[in-house]
Amino acid sequence: MIRWLFRIILVLVVAAAVAVWTVPLGFIIDRAGVAGQGVTWGQVQGTAWSGRVSNVAFGRQLVGDIDLKLRPAGLLTGTLAYDLSLSGPVAAGTAKVYAGGDRIGIEDADLSARVDQLIGLNASVRQAGGIVRLRGISLEVDRALNCLSASGGLWTEVLANLGAEYGETLPELDGNLQCYDQMIALDLKGVSETGIDVSIDAKVGVSDVSSFNARIGGVSGEIAQALTALGFSVSGGDFVYVRELGP
């Protein structure tokens with residue numbers, strides 16, 4: 001009896017694999033519904049088993065090319081799961097992604113992006129250069145992109161690079177990813193050798209107001225003037241920057 005059961009399961013798995021082998025990857029991407037969330041792309045090549053999505057962008061921000069390779073074990077639970085590889089002049093890295101039921105997720109993500117290629121940042125920040133790196137990120141959202149669970153770390157050297165242009169020692173920033181009221185929340189902190197203390201709190205949501213709050217203490221001279229030029233105000237002796245964006 002058990003032997004026959006295993007044979008039936010094997011037949012079903014093989015049938016599913018053959019079906020996936022022939023389904024165009026473009027069909028899978030279209031059915032995922034990501035186009036309605038501001039994601040665009042140029043060309044889709046390959047099948048649901050293995051393929052490439054070229055010139056992926058989110059809004060006006062170019063991301064890069066994404067290679068996808070199916071993880072067959074997911075088919076046993078009705079989940080489409082892929083090994084993802086991102087490459088291009090803007091961002092690069094690897095991750096595991098999946099979609100099943102009403103949930104979409106990322107696991108074991110190790111991704112980096114070049115600051116000078118990120119639109120929307122202040123010109124001085126982009127000119128300072130450096131990278132933003134996501135390490136060991138796991139993130140699960142529902143179909144409306146509300147955050148269900150999140151973990152992992154984020155690191156960037158951009159502030160240290162910016163300080164070097166003014167002869168000031170500013171810290172690298174390190175922090176964590178988590179969920180907050182269905183939004184994706186980032187908490188970054190850093191303290192330099194000279195005592196400059198930086199904390200950044202950012203929350204990104206689809207249906208809620210996104211926010212970015214930064215506080216920098218212990219600065220003076222040219223770097224203080226630069227922060228003022230970047231839009232920081234003084235509160236309690238610290239330089240503070242607050243920005244909110246609608247959903």
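Here the structure is a predicted model, which means the values were calculated and not measured.
- A continuous path of ILVMFWY side-chain contacts below 4.5 Å connects Ile66 to Trp41, so both sit in one hydrophobic cluster.
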Take Glu168 and Ile196 through the test side-chain contact (heavy atoms from CB on, under 4.5 Å) and record every step on the way to the result.
CA-CA 10 Å; Glu168 183 66 74; Ile196 295 178; 3.6 Å; yes

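- Put simply, the side chain of Leu227 reaches to within 4.5 Å of the side chain of Val219, judged on heavy atoms.
- Distance CD/Gln61 to CD/Gln117: 8.0 Å, rounded to 0.5 Å.
- Rounding to the nearest 0.5 angstrom, the gap separating the CG atom in Leu230 from the CZ atom in Phe239 is 11.0 Å.
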Mind running side-chain contact (heavy atoms from CB on, under 4.5 Å) on Tyr98 and Ile104 for me, showing each step along the way?
CA-CA 6 Å; Tyr98 64 89; Ile104 304 171; over 6 Å; no

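- Interatomic distance, CG of Asn55 versus CG of Asp65, reported as 5.5 Å (0.5 Å rounding).
- Salt bridge present: Arg135 and Asp174 bring a charged side-chain N and a carboxylate O closer than 4.0 Å.
- Side chains of Ile131 and Thr156 form no contact here, defined as non-hydrogen atoms less than 4.5 Å apart.
- At distances below 3.5 Å, at least one donor-acceptor pair connects side-chain atoms of Asn161 with backbone N or O atoms of Gly129.
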Going through the distances and angles, do Glu140 and Ser149 end up as a side-chain contact (heavy atoms from CB on, under 4.5 Å)?
CA-CA 5 Å; Glu140 187 172 74; Ser149 65; 3.5 Å; yes

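- Between the Thr228 side chain and the Ala224 main chain, a donor and an acceptor come within less than 3.5 Å of each other.
- Residues Cys147 and Ile184 are in side-chain contact: their nearest non-hydrogen atoms beyond the backbone lie under 4.5 Å apart.
- For the atom pair OG1 of Thr40 and CZ of Arg60, the computed distance is 12.0 Å after rounding to the nearest 0.5 Å.
- Annotation: side chain of Leu111 is not in contact with side chain of Ile137 (no heavy-atom distance under 4.5 Å).
- We find the CD-OG distance between Glu107 and Ser138 to be 5.5 Å, quoted to the nearest 0.5 Å.
- Looking only at side-chain heavy atoms (C-beta outward), Leu134 and Asp110 stay at 4.5 Å or farther from each other.
- A side-chain contact (heavy atoms from CB on, under 4.5 Å) with Val198 holds for exactly one of Leu188, Leu170, Ile216; it is Ile216.
- Cluster annotation: Val191 is not connected to Trp155 through the hydrophobic network of ILVMFWY side chains, with a link wherever side-chain heavy atoms come within less than 4.5 Å.
- Leu139 and Val132 fall within a single hydrophobic cluster, where Ile, Leu, Val, Met, Phe, Trp and Tyr side chains are chained together by heavy-atom contacts under 4.5 Å.
- Using a 4.0 Å cut-off between charged nitrogen and carboxylate oxygen, Asp83 and Lys96 do not count as a salt-bridge pair.
- The aromatic rings of Tyr241 and Phe232 lie tilted to each other, with the angle between the two planes from 30° to 60°.
- Side-chain atoms of Leu148 and Arg103, non-hydrogen and from C-beta on, do get closer than 4.5 Å to each other.
- A salt bridge links Asp67 with Arg52: the distance from a Lys NZ or Arg NE/NH1/NH2 to an Asp or Glu carboxylate oxygen falls below 4.0 Å.
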Let me see the working for Leu86 and Val63 under side-chain contact (heavy atoms from CB on, under 4.5 Å), right down to the final yes or no.
CA-CA 8 Å; Leu86 172 63; Val63 177; 3.8 Å; yes

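- Here the side chain of Ser192 pairs a donor or acceptor atom with the backbone of Thr169 at under 3.5 angstrom.
- Using a cut-off of 4.0 Å between Lys/Arg side-chain N and Asp/Glu carboxylate O, Asp201 and Lys203 are scored as salt-bridged.
- Taking all atoms of both residues into account, the shortest heavy-atom contact from Pro171 to Leu159 is O-CB, 3.7 Å.
- When Asp197, Val242, Asp238 are each tested for a side-chain contact (heavy atoms from CB on, under 4.5 Å) with Arg215, only one passes: Asp238.
- Between Leu70 and Leu80 the shortest side-chain heavy-atom distance falls below 4.5 Å.
- Going from atom CG of Leu154 over to atom CG of Leu173 covers 9.0 Å, rounded to the nearest 0.5 Å.
- Counting heavy atoms from C-beta outward, Val115 and Val125 have side chains that approach closer than 4.5 Å.
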